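The analysis underlying the following values was restricted to heavy atoms, covering all of them including side chains, and did not include hydrogens, waters or symmetry mates. Residues take their numbers from the sequence shown, with the count starting at 1. All figures in this text were calculated on a predicted structure; none of them were measured in a lab. Note that ligands are numbered from 1 as they come in the structure, with each ligand's atoms numbered from 1 the same way.
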Amino acid sequence: MHLDPFELHRPSSVDEAVDLARRFEGRCDYLAGGTDLLPNYKMHLNLRPHLIALQDVPELSGRSLDRLGAMERLADLEGDRPLLAAYPPLGDAVAEIATPLVRASGTVGGNLLVETRCFFFNQSHFWRESLGYCLKADGDRCHVVPQKQKCYATFSGDLAPALMAVDAEVELAHSDGRRHLPLGALYDAAGDGIRRLTMRPGELLTGVRLPAATRGQRGTYLKLRVRPSFDFPELGVAASGVLDGERVVRLRVAIGGAEMRPVRHDALTDALVGERLSDDRLRAFAEAVQQATRPVHNTFLLPDYRRRMVSVFVRRAVERLRPGTAG
Ligand SMILES: Cc1cc2nc3c(=O)[nH]c(=O)nc-3n(C[C@H](O)[C@H](O)[C@H](O)COP(=O)(O)OP(=O)(O)OC[C@H]3O[C@@H](n4cnc5c(N)ncnc54)[C@H](O)[C@@H]3O)c2cc1C
Ligand code: SF4
């Protein structure tokens, strides 16, 4: 594997970065920590001739209890006790991402926008060529669901479900202006493993807004993976909320690592508000989330097992919101 040549641009402001992205539209990628993008480039996966490095853009750095800059390193978050105590699912998730070395370079923005994964995609060029490529890079068919013209690559970032559970929003900048939206709306519900985001071409993620309303709320993130030392999630379940005794005051549950995008199950959790969360009610809720989650066979563990683990992990995560448990 080798890295093909590319032209590196080093803007020093958001305006300069988005102008470059407009100039090189369709021929460039933003480069944050490079821990996802550059290994993909080495495997010749969707190469672009221009890379726009974000490390010299001051507006993308800095963190507080209100906001995380897109270029904040995961390792820096890991050491920020007040932040992680304020948003427990974030603390659980960040500690479980990859390895300390990857977290030293990997960033918040890069993790939220990490490329979807599939064992027919994350392979060397030689390997993929021998199989005839696939829709996501260089080919015209899917090896996972061959009868469909759609990609089922899995969203495998850990931060997204954790931040969705605490109602985080993302800030976006484009050469035409700026906007912000709920984090969940960043992921395209009508898309697939290729068209996975609602961002416009050249749009830059500048930061994450953390709402005061969910600050200090109990919460957790539980991750299923093969090797706890560094593997991507085969399933990630985030829960955050408030229980008054047994009664549900507020609840959010988000699932990652299972489908093409992270999904928050608001219709199911809203139906629990005001109700007593008995063991039977919790079991029925967890099974409903499982019913709504449909992994395919494109990661290491079998989809049936990953699916059955959804209800187990949802139950465990929500149990931790009960007062008196280790949340
Ligand atoms: C061995 C290994 C294990 C891993 N395990 C895990 C894991 O367990 N969990 C997990 O979540 N991830 C894992 N990863 C994936 C990845 O390294 C991390 O998710 C990391 O956070 C990516 O951040 P980055 O800054 O390096 O992103 P980059 O690689 O620089 O970028 C990733 C993508 O986001 C785009 N991008 C980055 N920043 C912006 C921005 N501000 N605006 C617009 N676009 C942007 C880039 O163009 C690129 O498409 C692993 C990676 C490796 C190598
Ligand atoms: S799900 Fe299909 S199209 Fe998508 S990366 Fe895998 S094999 Fe390729």
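When the heavy-atom distances from atom 52 (C) of ligand 1 to Val14, Val102, Leu38, Leu31 are ranked, the shortest goes to Val102. Counting only non-hydrogen atoms, the option in Ala173, Ala70, Ala98 that gets closest to atom 4 (C) of ligand 1 is Ala98. Between the choices Thr35, Leu197, Val18, Val170, the shortest heavy-atom distance to atom 26 (O) of ligand 1 belongs to Thr35.
Remark: ligand 1 atoms within the under-4.0 Å shell around heavy atoms of Ala32 are 25 (O), 30 (O), 37 (C), 38 (N). Ligand-side atoms of ligand 1 in range of Gly33: 24 (P), 25 (O), 26 (O), 30 (O), range being under 4.0 angstrom from any heavy atom. Shown in contact with Thr107 at under 4.0 Å from a heavy atom are these atoms of ligand 1, numbered in order with element: 21 (O), 23 (O), 24 (P), 25 (O). The contact set between ligand 2 and Phe121, taken as ligand atoms under 4.0 Å from a residue heavy atom, comprises 5 (S). Distances below 4.0 Å separate heavy atoms of Gly157 from the following atoms of ligand 1: 11 (O). Atoms of ligand 2 found under 4.0 Å from any heavy atom of His143 (numbered from 1 in listed order, with element): 2 (Fe), 7 (S). Each of the atoms 7 (S) of ligand 2 lies under 4.0 Å from some heavy atom of Phe120. The atoms of ligand 2 that sit less than 4.0 Å from any heavy atom of Leu135 are 3 (S). Residue-ligand proximity, Lys136 to ligand 2, at heavy-atom distances under 4.0 Å covers atoms 3 (S), 5 (S).
Residue Cys151 does not count as close to atom 6 (Fe) of ligand 2, with no N, O or S atom under 2.8 Å.
Protein heavy atom in closest approach to atom 28 (P) of ligand 1: Gly34 N, 3.5 Å. Annotation: atom 46 (C) of ligand 1 to nearest protein heavy atom, Tyr30 O, 3.1 Å. The protein non-hydrogen atom at the shortest distance from atom 19 (O) of ligand 1 is Asn111 ND2, 2.7 Å. Given atom 49 (O) of ligand 1, the protein heavy atom at minimum distance is Leu37 CD1, 3.9 Å. Cys134 SG, 2.3 Å is the protein heavy atom nearest to atom 8 (Fe) of ligand 2. Here the protein heavy atom with the shortest distance to atom 50 (C) of ligand 1 is Phe232 CZ, 3.2 Å. Of all protein heavy atoms, the one lying nearest to atom 41 (N) of ligand 1 is Leu205 O, 2.8 Å. Scanning all protein heavy atoms for the shortest distance to atom 32 (C) of ligand 1 gives Gly110 O, 3.8 Å. The shortest contact between atom 1 (S) of ligand 2 and any protein heavy atom is with Tyr152 N, 3.1 Å. Counting only heavy atoms of the protein, atom 43 (C) of ligand 1 lies nearest to Leu113 CD1, 3.3 Å. Regarding atom 6 (Fe) of ligand 2, its nearest protein heavy-atom neighbour is Cys118 SG, 2.3 Å. The closest protein non-hydrogen atom to atom 2 (Fe) of ligand 2 is Cys142 SG, 2.3 Å.
Judged by distance alone, the side chain of Arg67 and the main-chain N or O of Leu210 form no donor-acceptor pair under 3.5 Å.
Contact annotation for Leu74 and ligand 1: only side-chain heavy atoms (C-beta onward) come within less than 4.0 Å of the ligand. Residue contacts with ligand 1, taken as heavy atom pairs separated by less than 4.0 Å, involve Asp36 via backbone and side-chain atoms alike. If you look at Asp231 next to ligand 1, the close heavy atoms, those under 4.0 Å, all belong to the backbone.
Under a cutoff of 6.0 Å and an axis angle of 45°, Arg48 and Phe6 do not form a cation-pi pair. Geometrically, Arg308 does not engage Tyr305 in a cation-pi contact, judged by NZ or CZ lying under 6.0 Å from the ring centre and within 45° of the ring axis.
Nearest heavy atom pair, residue Asn122 against residue Met43, reads C-SD, 4.0 Å. For Arg306 against Val296, the heavy-atom pair with the smallest separation is NH1-O, 3.1 Å. Scanning both residues, Leu272 and Val248, for their nearest heavy atoms gives O-CB, 3.4 Å.
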(message) Quick one, Arg261 with Asp192, criterion salt bridge (charged side-chain N to carboxylate O under 4.0 Å, His left out). Give me CA distance, side-chain angles, the key distance, then yes/no.
(response) CA-CA 8 Å; Arg261 66 185 176 102; Asp192 68 357; over 6 Å; no
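Residue Lys223 places a heavy atom under 4.0 Å from ligand 1. Heavy atoms of Pro39 stay at 4.0 angstrom or farther from ligand 1. Using 4.0 Å as the threshold, Ala153 has a heavy atom nearer than that to some atom of ligand 2.
Evaluated for a salt bridge (charged side-chain N to carboxylate O under 4.0 Å, His left out) with Asp167, the options Arg250, Arg215, Arg209 yield exactly one hit, Arg250.
Note: His9 and Phe24 meet the aromatic proximity criterion, with ring centroids under 6.0 Å apart. Aromatic pair His125/Tyr133: ring centres closer than 6.0 Å.
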